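Below, read A as the first sequence line, B as the second, and so on, with proteins coming before strands; counting in each chain starts at 1. Just so it is clear, the model here is predicted, and its values are computed rather than measured.
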Amino acid sequence: MTQEMPKTYAPQQWEEKLYEWWESMGFFQPEQQIESGLADPALPPFVIAMPPPNVTGALHLGHFITSSIQDMLIRYHRMAGRPTLWVPGTDHAGIATQNVVERKLEEGGVTRHDLGRERFVQEVWDWKDEYHGQISGQQRRMGISCDWSRERFTLDDGLSDAVLEAFIRLYNDGLIYRGNYLVNWCPRCESAISDLEVEHEPIEGKLYTFRYPLRETSAGADMAIEGRSEAAVGHVEVSTTRPETILGDTAVAVHPDDVRYAHLIGRTAVVPMLEREIPIIADEHVDPAFGTGALKVTPGHDPSDYQIARRHDLPFINITNEDGSLNPEAGPYEGLDRFDAREKLWEDMRAAGLVIRETAHTHEVGHCERCHTIVEPLQSTQWFVKMKPLAEPAIDAVRNGRIKIVPARFEKNYFHWMENIRDWCISRQLWWGHRIPIWYGPDGHQFAARSESEALEQAIEQYGETVELEQDADVLDTWFSSGLWPFSTLGWPGETDAAGSEGQSAIISGSAEDLARYYPTSVLETGYDILFFWVARMIMLGVHFTGEAPFRHVYLHGLVRAEDGRKMSKSLGNALDPLDLISRYGNDALRFTLLTGSTPGNDMKLSISRIEANRNFANKIWNAARFVLLNLETASDIELGNEKERHSVTFALPPISEQTLADRWILSRLNTVQAHVTQLVASWQLGEAGRQLHEFLWSEYCDWYIEAAKPRLYGDDQGEAARATCQVLAYVLEQSLRLLHPFMPYVTEAIWSHLPGVSERAEALMTQRWPCSLERKDAAAEEAFGRVQEIVRAIRTVRAQYNVEPGRRIAATFHVDSPEHSPGQEQIAGNESAYSVNGSSALVHENLELLTNLARLDEAQVAVEADAAQGRAVFSAGAADSAAGQDGRAVMSDSTDAGGPAILLAAGGITTCLPLTGMVDLEAERRRLGKELADIERQIARAEGLLNNEKFVSKAPERVVQRERDKLKELQTRQERIAESLAQLRA
RNA sequence: GGGCGGUUAGCUCAGCUGGUUAGAGCGAUUCCCUUACAAGGAAUAGGCCGGCGGUUCGAGUCCGUCACCGCCCA
């Protein structure tokens, strides 16, 4: 607080400085938290394994939303006193990274094959080193309070050991197998990819219909059945979207019940251009309604044809090479690209008179997720994980509640996918990744080993002599290593499992201690788009290898979309760079926008205006703090409470007896907000929690409490009143900063560092304790202050309506109901904080100064009259003798007209009379009151309707009924008063 | 084909076990540079909560159905 706070909060001047300080102080590490006494080692730790970003390039808003949510949770739990660990890291991202580096090489005209495996992999490592530094720098700008000392990379030694261990265990358990199956093949990546990595998109293609020639039979003449076209006898009409696959056909199939083709079953068709003979078969899976109802069967290049072929024991013909060109099976079309071959073959068939027609046809086509090439189903020898045995326990973990998914509706998706899971193709024909730890002997025997030397040992045992072994050339799907992330990063498998083997791979860099202490983790936060890719696999592998669900909760956020609702992407040019937004609006502004802008599982459109609004919010708090500090410096000796506890250093409060209604009100509200926010965070309603804090700080603390405090600070009777007010101002600010810190870490920390006394006695706001419930809920104060607000608002509304200059102070008379009530507090026995303002008399008398200042009244012309019935006196009271005083000339010009019209306001349980003599537009006033009356009468009708309904009274809870009764009573009072006012206006 | 989500103010969205007069931000209108903040203050306007039907004393909220938009899976 030594330096002056500038008028505007400048995030750029704080963020990097604060982050470096936090990090250097060790606040992000659980050991430090325990050592400093913030965390209680007896409490269960709160742990998050951060979803590792790919090392492919810059971070985007998706990373910032996940970081913001996790950081919010981490900061909250850290403040709540749990040892808190957030493990960061990056993912090698197999295909994605390899593609990026290949593309870079291509620019120099070099392919990975030119370099060879070893040199290429080195290139990728160089890339990784460069981008990793960039990424962790960006993450620091994002302000994430993770434990960098535990940072991991999926290809580092420890994690590679975990991958080896996992593979070998699964292999030995018979859950990993190698086989020749139809897989999704990307001809550009020249690799197999898993089902999940195929994206289906509608393509406007063509449906090609042609004549499949039939071989003549000796009984051919007999087959000519009446009513059938001649063509159908010598041909069968077939449609396809991929004519080139004709070259791989091994059958034509029709539905067994299809009378059109019944006579053809068992006959032989001839593959065009190849003259290969294939059978015509019947299969129930043929859809008679699609195309001509006759289906060409290409088992080597179509998954459903593959199934038909297996049922009918048909041969499989693979017609394509790995790069998508056709192989010798394609006969004269060998060497052509699959799409060129499509054209060429079709033209040749047209020349041969086989073509019937082409029609426009939109159909779903699989594309490679990474390079968008059209995927070719292809028979290939690959490695697979058997999923059923892994899925079942993973389904149970969610079904029996050991893992809860937020929002819960995603559990249904999870179950559906898991229950219909298919084996996972894990081998990739890439160079960047974990190489499959299988060595082949001369006879093809497989040795699963942690190292080549271990494989050789096994081989000697197998063959009785030393033989040449060859390691499998493929690498593992990148998600295989990510699937181990929550435990591999904590040191799994630890010394116990891998220590036995020799060689470099046995080095375990992680510590099993972390695994014991911090596993299972608490929550896994990520986007719903990788529920299957990643979350499901972590659960399966986690349960399988550790016997425990890897986390208790899965929190899924939605996608951050562009303002127009489209997905942000570089190619569309609508992607916003989070770092750029941070430097323009501040980390807190962007973070708060992401945290409050959507609910779990739902996408959000990020709007700049919202970020601006939240930047303004940060500035608002900054300025509220400026105001408080300005006054703190003049008020002497603000006491600090809880000095012994360095994590709960705060300002002392004045004794209850010195607290005003406004003090009690704001303290009660603080208490309520604290309770709500705590409860909301516990139930994952982070956005609502943030919104409540926003509402509290801006609309209550700033708009009302600070305004209410001003007269007490600047008033004549300085001294004690000012001091007490300062204490409450400072206390509420300080406590609010704690509550807001997880949502807006920087501005809160920056302000906190200015707080006199506090920042000297404690380390940092981020290591302060989350406020506990103070049980300072004061319903009476909230109710009473609410009435003050109502009165003030009513006066302001009228002032605005009559264009009374904002600076002008006006006269007012408050008509209260009970002259007997003397001003002063009444304390209810047994609850010293409870305070009741009995009747409107005490309320107005005690808050006269407040009302005067908030409504800009002229204190010399304010009167309180004990005549709630407000008879004629009302109209003479407003224009009292002093009416012409001060600057009241314009308004009060005819103030001598003591009986002139005045404005009567029924609000806050009293009637307020504003003698805006000379300004009152009788007609407008009648309209205003008439409208108000109508509104009240509508509400009365509603309440009466309810209360007259016997079923409502008997069935609704008493609480609800009573509320209606109270409401009705109040409405009737107001109705009465407004009606009287109206009557007088008309008189 | 199966499943999920959305439809609330001009725009973007909240509204969690059904219960005051349905809220916020932005935008709009009027006024104000009042000694924390013009990135601000005061006030105002604007909504048969997508349609229809049902359950209930009571429905934005629960159920059914339809429409449109979007997503996932096959």
*Can you find an N or O donor on one side and an acceptor on the other, under 3.5 Å apart, linking the side chain of E707(A) with the base of A36(B)?*
yes

*C1' spacing across the pair U8(B) / A74(B), given as an integer number of angstrom*: 34 Å

Heteroatom pairs (N/O) under 3.5 angstrom, protein to nucleotides 17-22 of chain B:
residue : atom : partner : partner atom : Å
G19(B)  : O2'  : R963(A) : NH2          : 2.5
U20(B)  : O3'  : K967(A) : NZ           : 2.8
U21(B)  : OP1  : R942(A) : NH1          : 2.9
U21(B)  : OP1  : K967(A) : NZ           : 2.5
U21(B)  : OP2  : R942(A) : NE           : 3.2
U21(B)  : OP2  : R942(A) : NH1          : 3.0
U21(B)  : OP2  : R942(A) : NH2          : 2.8

*Can you list the residues that meet the side-chain hydrogen bond (donor to acceptor under 3.5 Å, both in side chains) rule with N587(A), with sequence neighbours excluded?*
R591(A)

_When you measure from the centre of the six-membered ring of F627(A), is the NZ or CZ of K710(A) closer than 6.0 Å and no more than 45° off the axis?_
yes

*Considering only the C1' atoms, how many Å lie between U17(B) and C33(B), rounded to the nearest integer?*
50 Å

Would you give me the side-chain donor-acceptor pairs under 3.5 Å for residues 789-796 of chain A, sequence neighbours excluded?
residue : atom : partner : partner atom : Å
E790(A) : OE1  : G908(A) : N            : 2.9
R796(A) : NE   : L854(A) : O            : 3.3
R796(A) : NH2  : L854(A) : O            : 3.3

Which protein N or O atoms sit under 3.5 Å from an N or O of nucleotides 41-46 of chain B?
residue : atom : partner : partner atom : Å
G41(B)  : OP1  : K620(A) : NZ           : 3.0
G41(B)  : OP1  : W698(A) : NE1          : 2.5
A43(B)  : O3'  : T797(A) : OG1          : 3.3

*For C71(B) and U20(B), measure between their P atoms and round to the nearest Å.*
37 Å

*Provide the distance between the two C1' atoms, one in G18(B) and one in A28(B), to the nearest whole Å.*
35 Å

*Considering only the P atoms, how many Å lie between U7(B) and U29(B), rounded to the nearest integer?*
29 Å

*asked:* Please determine whether the number of non-hydrogen atoms from other residues, nucleotides or ligands lying under 6.0 Å from atom NZ of K967(A) exceeds 12.
replied: yes

I'd like a list of close polar pairs between nucleotides 67-74 of chain B and the protein, N/O only, cut-off under 3.5 Å.
none

_Reading 5' to 3' and counting Watson-Crick or G-U wobble pairs with both distances under 3.5 Å, write the dot-bracket notation for RNA chain B, | for bases paired outside the strand._
(((((((..((((.....[...)))).(((((.......))))).....(((((..]....)))))))))))).

